[in-house]
There are 2 protein chains.
Amino acid sequence: MSSPRATAAAPTTASTIDSATVSATPDKRPPAAERVYAHVKEAVLGRRYEGGMLLTEGELADAVGVSRTPVREALLRLEVEGLLRLYPKKGALVLPVSVQEIGDVVETRLLVEEHAARRPAGPALIAELAELLDRQRELAEAGDLAQVARVDRCFHATLVRSTGNEILTRLYDQLRDRQLRMGVAVMHAHPGRIAQNIAEHGEILDALRAGDADAAVAAVHRHVGSVRALLRGDVR
Amino acid sequence: MSSPRATAAAPTTASTIDSATVSATPDKRPPAAERVYAHVKEAVLGRRYEGGMLLTEGELADAVGVSRTPVREALLRLEVEGLLRLYPKKGALVLPVSVQEIGDVVETRLLVEEHAARRPAGPALIAELAELLDRQRELAEAGDLAQVARVDRCFHATLVRSTGNEILTRLYDQLRDRQLRMGVAVMHAHPGRIAQNIAEHGEILDALRAGDADAAVAAVHRHVGSVRALLRGDVR
DNA sequence: TGCGCACACCTTAGATACAACAGCGTGCCG
DNA sequence: CGGCACGCTGTTGTATCTAAGGTGTGCGCA
């Protein structure tokens, strides 16, 4: 634990020039500080770092095999995203999911998505959404739950992106990340939920196709509403 | 526009800091890295660092009188807030305000504020807003434009905060910051605007008092709409 | 004269070293 | 026996140092 410096992580120690430059190293350098960010984020979202846990820069530095400097960077970004809270001289607290947070996330999602659904949808958008929906159906039949969830998220993200508003798009992505912490097992726990999910997507798409803004908003409202119900039940 | 190199040496009007930091005050220390954040943010919002300018860590470190490490931290935060864009090995670009950004900010403001206005307002909220409006009237008569702007912002922020949604509250604050870059001189350039602003606030408050959600939303819509018109005209 | 290559400078990226601070336990003193 | 104070430990905050990357410029060569 207390080994201060990374001893193992030396992929670039290959001193022989030729081998290093040409073929031996398959360019194994995902931007360093990014690794920490990805590591922590994944761990927090995947609940491997549980809420209430206190992370320290040193620990993470060891765990990922870098120094504290990039760790700091990553922690800062994650705090802005609302996953951590940095305490001045104590460490980084993994924020526990609160009822407040769940409510806020869902309310904001609803606000953004309804806004997106209210706008008239062009043919390109409709085609894109239709394809995503098809894909989701296939994956659901194949039983690939993880992929289903991915496409589900993509469906919504596409809708939001269609507003052309970068602020909302970025915000929405963050919301989905935070929501990930709340309901990872939702789909898994309720297999029937997948069919309902797809059906609701279909309703949204149909309303958009028909150019009926009110219906689209209503469909989104129902859809997010049912997600909220699931999350409420999933609070621990 | 195309000036490639940063000519940012001059704007260090805050050079008085160093004298303050060293000896003048014995036990006074505003959180260190925060100073850089405040410095840069203020400079960017106040347009002393103009859009398109390329800041370097070293310059800022010198300017504020700290090392590059806290500068890095500040720059990172500011990038997330959308004021800067960090280019991998070049520096921090002060993002120029674009038409796209103006549109996005106003659209998002509108979305959030309308949402807030739609909710029924309790007596406490109404009282608070009424007091702010009064204060604004007084300040306007006294001719204190800066304070008027401050209270104006507070009025809206209070309304948004009344939703109890922390995500929206934080978002809204950021939006107002970004808007600051776009229309600092708006109020000053159009003195008659102040009266209109106060009148529009009054409309919002009245609608909330009456519990008429639709009217409140409409009033907010008009208000933000007129702000948008001003900003459009203020684009340079 | 024009093109290309190489070097030099300026930048960030990351690592490490150092200082200050907070919390806490223990031991001393009343 | 209780309270206070001191010091120890673990943490972040900051500074400095080294490596690597990129860009522009200038020189050499065709």
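Convention: sequence-line order gives letters A, B, ...; per-chain numbering from 1. Values in this document were obtained by computation on a predicted structure and should not be read as measured data. In what follows, every heavy atom counts, from backbone to side chain, and hydrogens, waters and symmetry copies are set aside.
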Engineer: Are any side-chain N or O atoms of A/R153 and backbone N or O atoms of A/D173, one a donor and one an acceptor, separated by less than 3.5 Å?
Structural biologist: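 Yes.
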Engineer: Between P on D/dG10 and OH on A/Y87, what's the gap in Å once rounded to a whole number?
Structural biologist: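 Rounded to whole Å, this separation is 23 Å.
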Engineer: Is the B/H39 ring parallel, tilted or perpendicular to the B/Y49 ring (thresholds 30°, 60°)?
Structural biologist: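 Rings of B/H39 and B/Y49: perpendicular, as their planes differ by over 60°.
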Engineer: Could you tell me the separation between the CD atom of B/E73 and the P atom of D/dT12, rounded to a whole number of Å?
Structural biologist: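 Value for this atom pair: 12 Å.
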Engineer: For DNA chain C, whose closest nucleotide is more 5', that of B/L75 or that of A/T69?
Structural biologist: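 Nearer the 5' end of the strand: B/L75.
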Engineer: Hey, does A/T56 reach any base, or is it just sugar-phosphate, or nothing, if we go heavy atoms under 4.0 Å?
Structural biologist: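 Sugar-phosphate contact only.
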Engineer: Taking only Lys NZ, Arg NE, NH1 and NH2, and the carboxylate oxygens of Asp or Glu, determine whether B/E107 and A/R119 approach each other closer than 4.0 Å.
Structural biologist: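 Looking at B/E107 and A/R119, the cut-off is met.
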Engineer: Quickly work out the A/L54 CG to D/dG10 C1' distance and round it to whole Å.
Structural biologist: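 Taking atom C1' of D/dG10 as the reference, CG of A/L54 is at 12 Å.
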Engineer: Just by modelled atom types, is the A/M182 backbone N or O under 3.5 Å from a matching donor or acceptor in the A/R47 side chain?
Structural biologist: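 Checking the backbone N and O of A/M182 against the side chain of A/R47, a donor-acceptor pair under 3.5 Å is found.
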Engineer: Under the 3.5 angstrom rule, does the side chain of B/R181 hit a backbone N or O of B/G46 as a donor-acceptor pair?
Structural biologist: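 The answer is no, because no donor-acceptor pair under 3.5 Å joins these two groups.
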Engineer: Would you say B/S67 places a side-chain N or O within less than 4.0 Å of OP1 or OP2 belonging to D/dA15?
Structural biologist: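 Result: yes.
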Engineer: To the nearest Å, how far apart are B/L76 CG and C/dG14 P?
Structural biologist: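 Going from B/L76 (CG) to C/dG14 (P), I get 11 Å.
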Engineer: From CG of A/L55 over to C1' of D/dT12, roughly how many Å is that when rounded to an integer?
Structural biologist: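 Spelled out: CG on A/L55 to C1' on D/dT12 is 14 Å.
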Engineer: Whole angstrom is fine here: how far is it from CG in A/L60 over to C1' in D/dT11?
Structural biologist: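 Atom-to-atom, A/L60 to D/dT11, this comes out as 13 Å.
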Engineer: Give a yes or no on this: more than 12 heavy atoms of other residues, nucleotides or ligands lie within 6.0 Å of atom CD of B/Q100.
Structural biologist: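 Counting neighbours around CD of B/Q100, more than 12 heavy atoms of other residues, nucleotides or ligands fall under 6.0 Å, so yes.
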Engineer: Report all interatomic pairs (protein N or O, nucleotide N or O of nucleotides 17-22 of chain D) with separations under 3.5 Å.
Structural biologist:
none

Engineer: Rounded to the nearest angstrom, tell me the gap between atom CG in A/L93 and atom P in D/dT11.
Structural biologist: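 Interatomic distance, CG of A/L93 to P of D/dT11: 15 Å.
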Engineer: Can you check the A/E57 CD to C/dA17 P distance for me, whole Å?
Structural biologist: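 Taking atom P of C/dA17 as the reference, CD of A/E57 is at 17 Å.
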Engineer: Any ion pair linking B/E79 and B/R85 (charged N to carboxylate O, less than 4.0 Å)?
Structural biologist: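 No, this pair does not count.
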